[in-house]
Amino acid sequence: MAAVDVPVALLGYGTVGAAVNRLLIENGDEIERATGHRIRVVRALVRDQARERSFPAGDDLLTTDFESICSDPSIALVAEVMGGVEPAADYVLQLLRAGKPVVSANKQLIARRGPEIFRVASEEGVQLRFEASVCAAIPLIKVLRESLVATNVHRVLGIVNGTTNFILTRMEAGVGYGEALAEAQQLGYAETDPTDDVSGADAAAKMAILATVAFGARVGLEDVLYEGIEQVRPEHVEAARELDMTVRLVGAATLADGGFDVRVQPAFVDRRHPLAAVEGAFNAVMLQGDAIREITLEGPGAGGVETASAVVADMVSVVGTAATGFLHNDAAWRTLPRLPPGDLRSRYYVRIEVDDRPGVLAHVAEQLAAQGVSIARLAQRQLPDGASLDLVTHEAPSGRVEAALATVAELAEVKGAPTLMRVISERGV
Ligand code: NAP
Ligand code: HSE
């Protein structure tokens, strides 16, 4: 039987866009055999048609004219792989209103403008898929929306940014932060502007999307408490090694007590915990639910061809389910409150640099005790101009630990702001 011809367009022909075209050309026969569809990129929107491309675009493929894509009735669907919130949001809304299904790899777009975009997709009855926006090649959205639809997933814990995991892994090997970031950029893992990666904003957007899909409730980027790895220093990496732990940027989404808590923070992860073994640009996400207990999905979380595989899979899903009434639109169906951020209970790693004088340790311990925070482990090291205290607390509410550290920072013998990171040692299923 002759294959169905599916002309598609791309918004963007950079790291991901060029890889999508490459995959569709080089794997076209396999995709056709498996799906009965021949998906062809016929146009790609860029800013600069003259720029050199990692996979050369064919004649007349590149355009700077969005209208030539939106108003072309022969284009069956469009993949948004350009990034940024504007003009991407405006273009996606125009495409949906024109009746064109959209596949997006853009986590900032989905996490910031999701409600409006999903509403328009539903109104127009067209599909909007976004698998590639979370953890590149790892099929998380499909697993949550389809395979685990009957499971009450109440916790999502994971490493969801490849660039920062790559940097932290390289720092463990003694490479400097700046050099490791440059390597991640060169390998195509980082965002065009890597600020979103290192500040935690990229991981926060992904956790907002995962929480929305897992909990069936709207969670936007503004609901996520996040920090990145800019404050992680070689001495933190070294302290983690000595405590038989490793530093990772961890996203955690929890559904409990009728509300949700979503956060992204650097954490000290126990070496026996599955997330400690995730290295380089790999991501891993643990899904915990009533019936399933725990499912962990791990794989490449960044990179052109890795992301392209999810974009193409979404394209196949759209063409394979077109006109079947199977819409992959709004995942949210209930309203949940955000839980008070200071209530999150955990063990914490704290580093405090102090003058090396009698009584300092007692003063620090007093401030922690005043907030009901008890110390589980302590290592003291000499520094050229004082000492460092690396300590791990017993489980305590984050608000109590933060309050104690605010008073510790005021002590005359304490130098600079203390470091605070969550310790992840138990799976919590
Ligand atoms: P990229 O290499 O910077 O490519 C962006 C492309 O979009 C370029 O071709 C650029 O045109 C085009 N573009 C950007 N703004 C435009 C505008 N205003 N008008 C027309 N064209 C515009 O970025 P990328 O790494 O491929 O990432 C694309 C998207 O995929 C982002 O949302 C990113 O978060 C997401 N993503 C990336 C990865 C990854 O590992 N790279 C993984 C998962 C998801 P020019 O080439 O002419 O500049
Ligand atoms: N910059 C992102 C990362 C790409 O490093 O994880 C994948 O979304």
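- The OG atom of Ser374 sits 9.0 Å away from the CG atom of Leu368 when rounded to the nearest 0.5 Å.
- At a threshold of 4.5 Å between non-hydrogen side-chain atoms, the residues Arg53 and Tyr13 count as touching.
- A 4.5 Å side-chain heavy-atom check between Leu45 and Ile69 finds at least one atom pair inside the cut-off.
- Using modelled atom types, one side-chain atom of Thr163 and one backbone atom of Tyr189 make a donor-acceptor pair closer than 3.5 Å.
- One finds a salt bridge joining Glu26 and Arg22 here, because a Lys/Arg side-chain nitrogen approaches an Asp/Glu carboxylate oxygen to under 4.0 Å.
- Residues Gln94 and Phe66 have side chains in contact (heavy-atom distance under 4.5 Å, counting atoms from C-beta outward).
- Using a distance-only test at 3.5 Å, with no hydrogens or angles considered, no donor-acceptor pair links the side chain of Asp244 to the main chain of Asp270.
- In this structure the side chain of Asp196 reaches within 4.5 angstrom of the side chain of Gln108, judged on heavy atoms.
- Side-chain N or O atoms of Ser68 include one that pairs as donor or acceptor with a backbone N or O of Asp65 at under 3.5 Å.
- Taken from CD in Glu230 to CG in Asp197, the straight-line distance is 10.5 Å, to the nearest 0.5 Å.
- Checked for salt-bridge contact, Asp5 and Arg40 meet the test: a charged N lies under 4.0 Å from a carboxylate O.
- Across all their heavy atoms, Leu221 and Ala201 have their closest contact at CD1-O, 4.0 Å.
- Looking at every heavy atom in both residues, Pro418 comes nearest to Val408 through CG-CG1, 4.3 Å.
- Under a 3.5 Å cut-off, the side chain of Asp314 and the backbone N or O of Val103 do not form any donor-acceptor pair.
- Counting only distance, with no hydrogens or angles, the side chain of Ser133 and the backbone of Ala105 share no donor-acceptor pair below 3.5 Å.
- Closest non-hydrogen pair, Met207 versus Val156, comes out as CE-O, 3.7 Å.
- Side-chain atoms of Thr335 and Arg218 include no donor-acceptor pair closer than 3.5 Å.
- In this structure, Asp48 places its CG atom where more than 12 heavy-atom neighbours from other residues, nucleotides or ligands lie under 6.0 Å away.
- Using a cutoff of 4.0 Å between basic side-chain nitrogens and carboxylate oxygens, Glu172 and Arg241 are not scored as salt-bridged.
- Although no hydrogens or angles enter the test, the distance criterion places no donor-acceptor pair under 3.5 Å between the side chain of Lys142 and the main chain of Ser147.
- Note on Glu131 versus Arg145: no salt bridge recorded, every NZ/NE/NH1/NH2 to OD/OE distance being 4.0 Å or above.
- Counted by atom type alone, Thr164 and Asn161 present one or more donor-acceptor pairs between their side chains at under 3.5 Å.
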Kindly indicate, with the supporting measurements, whether the criterion side-chain contact (heavy atoms from CB on, under 4.5 Å) is fulfilled by Met286 and Leu275.
-> CA-CA 9 Å; Met286 302 166 74; Leu275 294 185; 4.0 Å; yes

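- Atoms CD1 and CG, from Ile31 and Asn27 in turn, are 5.5 Å apart once rounded to the nearest 0.5 Å.
- Using modelled atom types, one side-chain atom of Thr212 and one backbone atom of Val219 make a donor-acceptor pair closer than 3.5 Å.
- Side-chain atoms of Ser104 come within 3.5 Å of backbone atoms of Asn106 as a donor-acceptor pair (strictly under, hydrogens ignored).
- Defined by atom type and a distance below 3.5 Å, a donor-acceptor pair is present between the side-chain atoms of Arg422 and Ser346.
- For the pair Met171 and Tyr177, the tightest heavy-atom approach, listed with the atom from each and the gap, is SD-CD1, 4.2 Å.
- Aromatic ring orientation, Phe130 versus Phe118: perpendicular (interplanar angle above 60°, classes split at 30° and 60°).
- For the side-chain contact (heavy atoms from CB on, under 4.5 Å) test with Val102, the passing option among Leu77, Leu95, Ile117, Val318 is Leu95; the others fail.
- Annotation: side chain of Pro234 is not in contact with side chain of Val237 (no heavy-atom distance under 4.5 Å).
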Intermediate values then yes/no, side chain to side chain donor-acceptor pair (under 3.5 Å), Thr254 and His154 = CA-CA 6 Å; Thr254 308; His154 52 71; over 6 Å; no

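- Taking the six-membered ring for Trp and the full ring otherwise, Phe215 and Phe260 have centroids separated by 6.0 Å or more.
- Heavy-atom contacts from other residues, nucleotides or ligands closer than 6.0 Å to CD of Gln49 number more than 12.
- Side-chain contact check for Leu225 versus Arg338: some heavy-atom pair is nearer than 4.5 Å.
- A salt bridge between Arg119 and Glu116 is absent, with no side-chain N of the basic residue lying under 4.0 Å from a carboxylate O of the acidic one.
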Full working for side-chain contact (heavy atoms from CB on, under 4.5 Å) between Tyr226 and Gln265 = CA-CA 6 Å; Tyr226 69 87; Gln265 288 163 322; over 6 Å; no

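- Of the possible polar contacts, one joining the Thr35 side chain to the His37 backbone as a donor-acceptor pair under 3.5 Å is found.
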Checking salt bridge (charged side-chain N to carboxylate O under 4.0 Å, His left out) for the pair Arg377/Glu242: CA distance, chi angles, key distance, verdict?
-> CA-CA 12 Å; Arg377 296 172 71 179; Glu242 285 176 13; over 6 Å; no

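- Atoms SG and CG, from Cys135 and Leu210 in turn, are 6.0 Å apart once rounded to the nearest 0.5 Å.
- Residue pairs meeting the side chain to side chain donor-acceptor pair (under 3.5 Å) criterion with at least one member in residues 388-398, sequence neighbours excluded, are Arg345-Glu395, Tyr349-Asp390, Arg351-Asp390, Arg381-Asp390.
- Under the 4.5 Å side-chain criterion, counting only non-hydrogen atoms from C-beta, Pro341 is in contact with Arg263.
- The heavy-atom pair separating Asn283 from Ile138 by the smallest distance is O-CD1, 3.6 Å.
- Rounded to the nearest 0.5 angstrom, Asp257 CG and Asp343 CG are separated by 8.5 Å.
- Of all heavy-atom pairs between Ala291 and Thr151, the closest is N-CG2, 4.1 Å.
- Using a cutoff of 4.0 Å between basic side-chain nitrogens and carboxylate oxygens, Glu238 and Arg233 are not scored as salt-bridged.
- In this structure, CZ in Arg129 is found 13.0 Å from CD1 in Ile110, a value given to the nearest 0.5 Å.
- Counted by atom type alone, Ser425 and His273 present zero donor-acceptor pairs between their side chains at under 3.5 Å.
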Could you walk me through whether Val41 and Leu24 pass side-chain contact (heavy atoms from CB on, under 4.5 Å), step by step?
-> CA-CA 8 Å; Val41 178; Leu24 287 172; 3.7 Å; yes

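- A 4.5 Å side-chain heavy-atom check between Tyr91 and Glu80 finds every atom pair outside the cut-off.
- Proximity of a side-chain donor or acceptor of Arg248 to a complementary backbone N or O of Ala267 within less than 3.5 Å is not detected.
- Arg38 has a carboxylate O that lies under 4.0 Å from a charged side-chain N of Asp29, or vice versa, which qualifies the two as a salt bridge.
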Stepwise side-chain contact (heavy atoms from CB on, under 4.5 Å) check, Val264 with Val250 = CA-CA 6 Å; Val264 171; Val250 176; over 6 Å; no

For side chain to side chain donor-acceptor pair (under 3.5 Å), just list the numbers for Asp72 and Ser74, CA-CA rounded to whole Å, side-chain angles, deciding distance to a tenth of an Å, and then say yes or no.
-> CA-CA 6 Å; Asp72 183 341; Ser74 73; 2.7 Å; yes

